[in-house]
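Take a look at the structure below.
For this chain, numbers begin at 1 and follow the sequence in order.
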Amino acid sequence: MRQISRKVAGLTLAGAVAVSSIGFTAANHGVTEAEAKTKKKEPTNVIMMVMDGASDDAVTLSRWYKGSNLAMDGILSGGVKTYSAESAITDSAPAATALATGHKSNDKFVGVLPSIVNSPGLSQVKSEDAQRPVANVLEGAKQQGKATGLISTSEIQHATPAGFSAHVTHRSNYEDIAEQQVYQNIDVVLGGGKESLSPGSTKNARKDGENLTDVLKEKNYDIVENRDDLLNSKSKKIWGSFAPSALAYDMDRATTKPSEPTLAEMTDKAIKTLNKDKDGFFLFVEGSKVDWAAHANDSIGMISDILAFDDAVKKAVEFAKKDGNTMVIAVTDHGNSGITIGNANTSSTYPSVPVSAYIAPLKKAKMTVEGALSQLKSDKSNLKEVAALYGLDDLTSEELATLTASKNIAADMVKMLANRANIGFTTTGHTGEDVFLYSYGPSKPTGLVENTDLAKSMAKFMNFNLNKVTDSMYLNADQAFKKKGYSTRIDQTDKNNLVFVATKRDQTIEIPVNKNIVIQKTKKGQTKQEVKTINIYNGKDFYVSNEVLKIVK
């Protein structure tokens, strides 16, 4: 199960080039290790932050747009290799799996080992271990008694937060992901994805008939649905569902969703809540929609949510500086869009093109393309006004004709603004470059590292080994129970609610999928017990923990 990881000590030439590419000198603003308390104390905390799909040029562009240093600049410490087990360009699901579990995986796989390994330098996975669930750092922290948190500006069931909280063989399986997240008993969960908690007719509504909102109430969560209720909550257990699917872009929020909290507000609230735990905490934070904007080639959306993410990083680092024993890691999981500062317009003029030629057109935008088009009337009578919201003022007759006849107004608008701002794009998909690593605090990772190294660094700092946690949490249920003398089967009467069943004489053990529940039935009656781990089915095998096995005879 162990995979080869190639780590380069120190900051390599690639890392040095990355540092030198910063538009504003960060030397006088960097956070030195001396600023962190050197004397270790318990408890240890980790704040892991991902700005999904943020290419390096997008970060540079955001800095120019802001006009001053980013909070991330002060903790720039290296670079990260992002490839997956099968491709030079990773999907978010295997990228999250690598960052969370220390194992590279395959396209669409979340929290499980790969079936295909063909990237150079990686060892093969045994056939019997393919798609086996592997423990993530949030689960490892829970086993240490730490409080845990999960934040996302997309649906909380989306690929990246799922990688830190669930185990499925396809990232679109929101139903199982949501159920696993609820039964993981994570202390603070904040983001979108409300529709996946309850039955309904919408795309991601539950089909298994279970109302997870009722389960959350039974588990004594303070369920909040707006910014004010979140900030006023006094509970140690908070579940914030602020939108049916994803939250608004930061730039659009004031107009389209003013009741939603910002990423910085969610991060700050989570830190303050989790920090009450005497054993420390692990917190995952994702700025999700940078990736969505990159897929759409929306320069404004990317800038909007990179800067919102940077505000959240500032909150995390401020806490870490005061605490002295908190590791903060901020990174993107992969590049996206091939964005470049400079395009065909600047091929021969780039040495003399001022910063203003790139930034001034972008500054005219008041909303992202998603936000602007949300204001478009059905008859398109306000098309000029909507275009102006996106910074496309003074449309030429040709531009107006293009938008009027357009079958994809969003695509045409982003092309027009990119052209005005001299921004280039090579794809609407992901890209395979190394990305910046930002880190702060004791034992922080530095240099050019594998994405899998970050999970291992976090686990080591929190004093556990991820492979050992996996071996404790995810054992093949069929093999383990047969070893105890049980006969086994999977009850598929309800295909949406599978149950592993083990029988020995007059005793029957029932283990429902995705839950932390074990039901024992004998002639004397039935008992139902909760454990600290969840039960996983990967499509071929059920997996349970040692804790489950210890409570059955």
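Asn343 and Asn419 are not linked by any side-chain donor-acceptor pair at a separation below 3.5 angstrom, with hydrogens and angles left out of the test. The closest side-chain donor-acceptor pair between Ser172 and His170 falls under 3.5 angstrom. In summary, the side chains of Asp229 and Asn232 do not present any donor paired with an acceptor at a separation below 3.5 Å, with no hydrogens or angles considered. Ser288 and Ser154 share a side-chain donor-acceptor pair at under 3.5 Å. Remark: the Ser406 side chain and the Asp412 side chain contain an N/O donor-acceptor pair separated by less than 3.5 Å. Donor-acceptor pairing under 3.5 Å is lacking for the side chains of Glu450 and Thr452. For the 3.5 Å distance criterion, the side chains of Thr340 and Asp57 fail to qualify, holding no donor opposite an acceptor. Side-chain contact, Ser439 with Ser77: a donor N or O sits under 3.5 Å from an acceptor N or O. For the residue pair Thr202/Glu195, the side-chain donor-acceptor check at 3.5 Å is satisfied. With hydrogens and angles left out, the side-chain atoms of Asn538 and Gln131 include no donor and acceptor closer than 3.5 Å.
To the nearest 0.5 angstrom, His167 atom NE2 is 10.5 Å from Asn514 atom CG. One distance of note links CG of Leu263 with NZ of Lys289; it measures 12.5 Å at 0.5 Å rounding. The CG atom of Asn422 sits 10.5 Å away from atom CD1 of Ile359, with the distance rounded to the nearest 0.5 Å. The distance from the CE atom of Met413 to the CG atom of Leu395 is 8.5 Å, given to the nearest 0.5 Å. The structure places CG of Asp107 at 8.0 Å from OG1 of Thr90, a figure rounded to the nearest 0.5 Å. Remark: Thr332 OG1 to Leu437 CG distance equals 12.0 Å, nearest 0.5 Å.
A donor-acceptor pair is defined here as one N or O able to donate and one able to accept, closer than 3.5 Å; no such pair exists between the side chain of Asp298 and the backbone of Thr368. Under the 3.5 Å distance criterion, the side-chain polar atoms of Asn297 are matched with a main-chain donor or acceptor of Thr427. At least one donor-acceptor pair under 3.5 Å links the side chain of Ser84 to the backbone N or O of Ser87. Remark: the backbone N or O of Lys377 is paired with a side-chain donor or acceptor of Asn382 at under 3.5 angstrom. With Arg227 contributing its side chain and Thr262 its backbone, the two residues share no donor-acceptor pair below 3.5 Å. A donor-acceptor contact shorter than 3.5 Å links the side chain of Ser196 to the backbone of Asn204. Between the side chain of Thr402 and the backbone N or O of Glu398 there is at least one donor-acceptor pair closer than 3.5 Å. Listed for the Tyr249 side chain is a donor-acceptor partner under 3.5 Å among the backbone atoms of Ala293. With Asp305 contributing its side chain and Ala308 its backbone, the two residues share no donor-acceptor pair below 3.5 Å. Between the side chain of Lys104 and the backbone N or O of Tyr83, at least one donor-acceptor pair lies under 3.5 Å.
For the salt bridge (charged side-chain N to carboxylate O under 4.0 Å, His left out) test, residues two or more places apart in sequence or in another chain that qualify with Arg253 are Asp250. Residues satisfying the side-chain hydrogen bond (donor to acceptor under 3.5 Å, both in side chains) test with Ser378, not counting sequence neighbours, are none. Under the rule for a salt bridge (charged side-chain N to carboxylate O under 4.0 Å, His left out), the partners of Asp393 that lie at least two apart in sequence or sit in another chain are Lys364, Arg420. Shown here are the side-chain hydrogen bond (donor to acceptor under 3.5 Å, both in side chains) partners of Asp291, two or more places apart in sequence or in another chain: His295, Asn336, His430.
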#### Entry: side chain to side chain donor-acceptor pair (under 3.5 Å) evaluation trace for Glu225 with Ser241
CA-CA 5 Å; Glu225 297 184 3; Ser241 287; over 6 Å; no
### Message
Checking Lys380 against Val386 for the side chain to side chain contact (heavy atoms under 4.5 Å, CB included) test, could you report, in this order, the C-alpha distance in whole Å, the side-chain angles of both residues, the deciding distance, and whether it holds?
### Response
CA-CA 9 Å; Lys380 300 183 183 179; Val386 166; over 6 Å; no
### Message
side chain to side chain contact (heavy atoms under 4.5 Å, CB included), that's the test. Do Val137 and Val46 meet it? Break it down for me.
### Response
CA-CA 10 Å; Val137 286; Val46 171; over 6 Å; no
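Residues Leu307 and Lys66 come closest through the heavy atom pair CD2-CB, 4.1 Å. What you find for Ala243 and Glu260 is that their closest heavy atoms are CB-OE2, 3.9 Å. Contact between Phe425 and Ala418 at its shortest, heavy atoms only, is CE1-CB, 3.9 Å. Annotation for His334 and Ala95: closest pair CD2-CB, 4.5 Å, computed over non-hydrogen atoms. The minimum heavy-atom distance between Leu150 and Ser165, with the atom names listed, is CD2-OG, 3.6 Å.
For residues 151-161, no residue pair satisfies the salt bridge (charged side-chain N to carboxylate O under 4.0 Å, His left out) rule, not counting sequence neighbours.
Ion pairing between Asp222 and Lys237 fails under the 4.0 Å rule for side-chain N and carboxylate O. We find that Asp91 and Arg171 are joined by a salt bridge, their nearest charged nitrogen and carboxylate oxygen being less than 4.0 Å apart. Using a 4.0 Å cut-off between a side-chain N of Lys or Arg and a carboxylate O of Asp or Glu, Arg206 and Asp208 qualify as a salt bridge. Salt bridge present: Asp268 and Lys272 bring a charged side-chain N and a carboxylate O closer than 4.0 Å.
Taking the ring centre of Phe242 as origin, the terminal cationic atom of Lys194 falls outside the region bounded by 6.0 Å and 45° from the ring axis. With a 6.0 Å cutoff to the six-membered ring centre and a 45° limit on the axis angle, Lys366 does not count as a cation-pi contact of Tyr390.
Under the 4.5 Å side-chain criterion, counting only non-hydrogen atoms from C-beta, Thr153 is in contact with Met266. With a 4.5 Å cut-off on side-chain heavy atoms, Tyr183 and Leu212 count as touching. With contacts defined as side-chain heavy-atom distances shorter than 4.5 Å, the pair Glu210/Val215 qualifies. Looking at Leu362 and Tyr65, their side chains come closer than 4.5 Å, going by heavy atoms from C-beta outward. Inter-residue side-chain proximity for Met302 and Ile339 is flagged as met; some heavy-atom pair is nearer than 4.5 Å. A heavy-atom distance below 4.5 Å is not found between the side chains of Thr148 and Leu274. Using a 4.5 Å heavy-atom cutoff, the side chains of Met367 and Thr255 are in contact. The shortest distance between side-chain heavy atoms of Pro445 and Met327 falls below 4.5 Å.
For NZ of Lys207, the number of neighbouring non-hydrogen atoms (other residues, nucleotides, ligands) closer than 6.0 Å is greater than 12. Counting non-hydrogen atoms of neighbouring residues, nucleotides and ligands closer than 6.0 angstrom, the NZ atom of Lys108 exceeds 12 such neighbours.
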Return a table of donor-acceptor pairs under 3.5 angstrom between the side chains of residues 156-163 and protein atoms on other chains or two or more places apart.
residue	atom	partner	partner atom	Å
Gln157	NE2	Gly193	O	3.2
Thr160	OG1	Asp52	OD2	2.7
Thr160	OG1	Glu286	OE2	3.1

